[in-house]
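Throughout, a chain's letter reflects where its sequence line sits, starting with A, and its residues are numbered from 1. Just so you know, these numbers use all the heavy atoms, side chains as well, and skip hydrogens, waters and symmetry mates.
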Protein chains: 2
Amino acid sequence: MKKKSSPESGRPRSFNINVALDTALRLFREKGYEGTSLSDLTKAMGINRPSLYAAFGDKRALFENALQRYSDFYHVYLREALQQETGRAVAEHLLLNSARLLADPQNPRGCLFVQGALACGEGAESVRQELINHRGKVEKEIRRRLKRAKADGDLPPTASPADLAAFLASVMYGMSVRAASGKSRAELKRVAETALQAWPK
Amino acid sequence: MKKKSSPESGRPRSFNINVALDTALRLFREKGYEGTSLSDLTKAMGINRPSLYAAFGDKRALFENALQRYSDFYHVYLREALQQETGRAVAEHLLLNSARLLADPQNPRGCLFVQGALACGEGAESVRQELINHRGKVEKEIRRRLKRAKADGDLPPTASPADLAAFLASVMYGMSVRAASGKSRAELKRVAETALQAWPK
DNA sequence: GTACATCTTTACCGTACGGTACATAAGTAA
DNA sequence: TTACTTATGTACCGTACGGTAAAGATGTAC
């Protein structure tokens, strides 16, 4: 992806590539793939266009990098949630931390998997598909964990891991939409707590 | 909005304005405001650009018309739901019909209030704000209805109409995201049914 | 120093965008 | 027929987009 072959020769890069990537991630999360222009990106990074292209390739490749970075962070959160001891604890962790992260005042509101490209023109169709895949994988991991929970007996025999996972994912994406509307952490937390009432006993 | 002053004089319009508006609505719902180009619109309508501008004004005004049309349909569904007799029945109606409408095979997937402009560039910022307002109004109507339900005694005294309304809205928006991922009515229905487990008894 | 590699700057490319001027076609009114 | 009104088709406008060519700047290796 990036050049592993970075000999010490040549003019050194004048900007920190990870800082630039974080800037790109912020913008993509806030305005989506199509809504973020190259001028937005270079301006926010404080560099010129060819520097961006030399470092990352084209816009699509830059998004790919930013998405990977986001996905890495996301999976830290996800893993932590899925490592909880019971199905109920997993659900609590997922929803309450979603509320916290999606409305983090330090970051753009909402989830990149949703905000990145929910509805878009033909030029971003492949990005949209990729985000659909990411969302699907998240849901799949939750489903696997809940299947185990059911096998472990900390979910009733009548409970459906697939339905519960789909429900949790839906609430998380719904909270993302609400976060993008400017709702606070407290408001999202109440949604999470209400959703948890649906958990089978 | 449209010209009431339509004397029988002058060359008659060669296309049906409501059909054209429906076409616009479909496109905006599928690709969002920014993702839908004037060429997409005129091509799908089978007319030329000046005809579109003469009939609707600019792109923004056309979106406004399409949004109004969508909102009219939406409020039929919403009113029907809010007219149910109990809080529980309202919630059921809202969620189950959301599932049905959001994944309608005859229409683009998802809700225009969400898909229209969730994350976008500066040029669509006002559209985004407007959709936030629409979502807020929907939630407010649900909240009002649930307050009445509580007063009527068909919600427990401990229940929070505001929290329940926010929860219902979140699930509906989450289902919209899932619908945009291509999930079927059946899958969305299971989400709705799972969500209903959270309803206070 | 010289050679070499890489990044940066400026200036530009083609394309697609939203929007419009203008001449003409197609209807009604007299 | 003539005048008038409105919609249409063509051809175009300026701007912003994603992307790049080419020349100069800045480092390392010798």
Side-chain angles (χ1 to χ4, degrees), chain A residues 2-21 23-24 27-28 31-66 116-117 120-127, chain B residues 2-21 24 27-28 31-66 116-117 119-127:
Chain A
K2 220 53 36 49
K3 27 282 305 283
K4 299 273 101 179
S5 62
S6 158
E8 308 293 310
S9 74
R11 180 171 177 172
R13 185 168 281 125
S14 69
F15 62 98
N16 182 310
I17 205 162
N18 283 322
V19 171
L21 204 48
T23 304
L27 282 171
F28 283 134
K31 315 213 266 184
Y33 177 76
E34 273 188 321
T36 306
S37 72
L38 275 243
S39 298
D40 290 336
L41 290 161
T42 53
K43 193 174 174 185
M45 294 175 179
I47 63 178
N48 294 112
R49 221 166 276 227
S51 297
L52 189 156
Y53 275 82
F56 299 105
D58 62 7
K59 188 189 181 186
R60 181 62 212 269
L62 171 59
F63 181 82
E64 214 67 34
N65 272 280
C120 58
E122 285 85 359
E125 180 57 29
S126 71
V127 173
Chain B
K2 219 56 34 52
K3 28 280 305 287
K4 299 274 102 181
S5 62
S6 157
E8 308 295 308
S9 76
R11 180 172 177 172
R13 186 169 280 123
S14 70
F15 62 97
N16 181 311
I17 205 162
N18 283 322
V19 171
L21 204 48
L27 282 171
F28 284 134
K31 315 213 270 186
Y33 177 77
E34 274 189 320
T36 306
S37 72
L38 270 264
S39 299
D40 290 336
L41 290 162
T42 54
K43 193 175 174 184
M45 294 175 178
I47 63 178
N48 292 112
R49 220 166 277 225
S51 298
L52 190 155
Y53 275 82
F56 299 106
D58 61 6
K59 189 188 181 186
R60 182 60 213 270
L62 171 60
F63 181 82
E64 214 67 34
N65 272 280
C120 58
E122 285 84 359
E125 180 57 28
S126 71
V127 173

dC17(C) C1' sits how many Å from Glu34(A) CD, rounded? 12 Å

Enter the distance from Thr42(A):OG1 to Asp40(A):CG here, rounded to the nearest 0.5 Å. 8.0 Å

Would you tell me if any nitrogen or oxygen in the side chain of Ser14(A) comes within less than 4.0 Å of OP1 or OP2 on dC7(C)? no

Looking at every non-hydrogen atom in both residues, tell me the closest pair between Glu122(A) and Lys31(B) and how far apart they are. OE2-NZ, 2.6 Å

I need the CZ-P distance between Phe15(A) and dT6(C), as an integer number of Å. 15 Å

More 5' along DNA chain C: Leu52(A) or Asp40(B), using each one's nearest nucleotide? Leu52(A)

Rounded distance in Å - NZ (Lys43(A)) to P (dC17(D)): 11 Å

If I take atom CG in residue Leu27(A) and atom P in nucleotide dC17(D), what distance separates them, rounded to the nearest angstrom? 13 Å

Give a yes/no on whether any side-chain N or O of Ser37(B) is located under 4.0 angstrom from OP1 or OP2 of dC17(C). yes

Separation of dG18(D) P from Phe56(A) CZ (nearest whole Å): 16 Å

Looking at dG27(D), I'd like to know if its phosphate oxygens (OP1 or OP2) sit under 4.0 Å from a side-chain N or O belonging to Ser9(A). no

Lys59(A) NZ/CZ over Tyr33(A) ring centroid, <6.0 Å and within 45° of normal: yes

Spell out yes or no: do the side chain of Arg49(B) and the base of dG18(C) have one donor N/O and one acceptor N/O closer than 3.5 Å? yes

Could you tell me the separation between the CZ atom of Phe63(A) and the C1' atom of dG18(D), rounded to a whole number of Å? 16 Å

Candidates dG19(D), dG9(D), dG19(C) - which lies nearest the side chain of Pro50(B): dG9(D)

Do Arg49(B)'s NZ or CZ and the ring of Tyr53(B) fall within the cation-pi criteria of under 6.0 Å and 45°? no

Any side-chain N or O of Arg11(B) under 4.0 Å from OP1/OP2 of dT5(D)? no

Contact class for Thr36(A) (heavy atom, under 4.0 Å): base, sugar-phosphate, or nothing? sugar-phosphate

Atom CE of Met45(B) and atom P of dG9(D): how far apart are they, to the nearest Å? 14 Å

Under 4.5 Å between any side-chain heavy atoms of Leu41(A) and Ile47(A), yes or no? no

Check the distance between dT9(C)'s P and Arg13(A)'s CZ and give it to me in whole angstrom. 13 Å

Counting any heavy atom closer than 4.0 Å, what does Pro12(B) reach on the DNA or RNA strands: base, sugar-phosphate only, or nothing? sugar-phosphate

Any side-chain N or O of Asn48(B) under 4.0 Å from OP1/OP2 of dT8(D)? no

Closer to the 5' end of DNA chain C via nearest nucleotide, is it Ile47(A) or Tyr53(B)? Ile47(A)

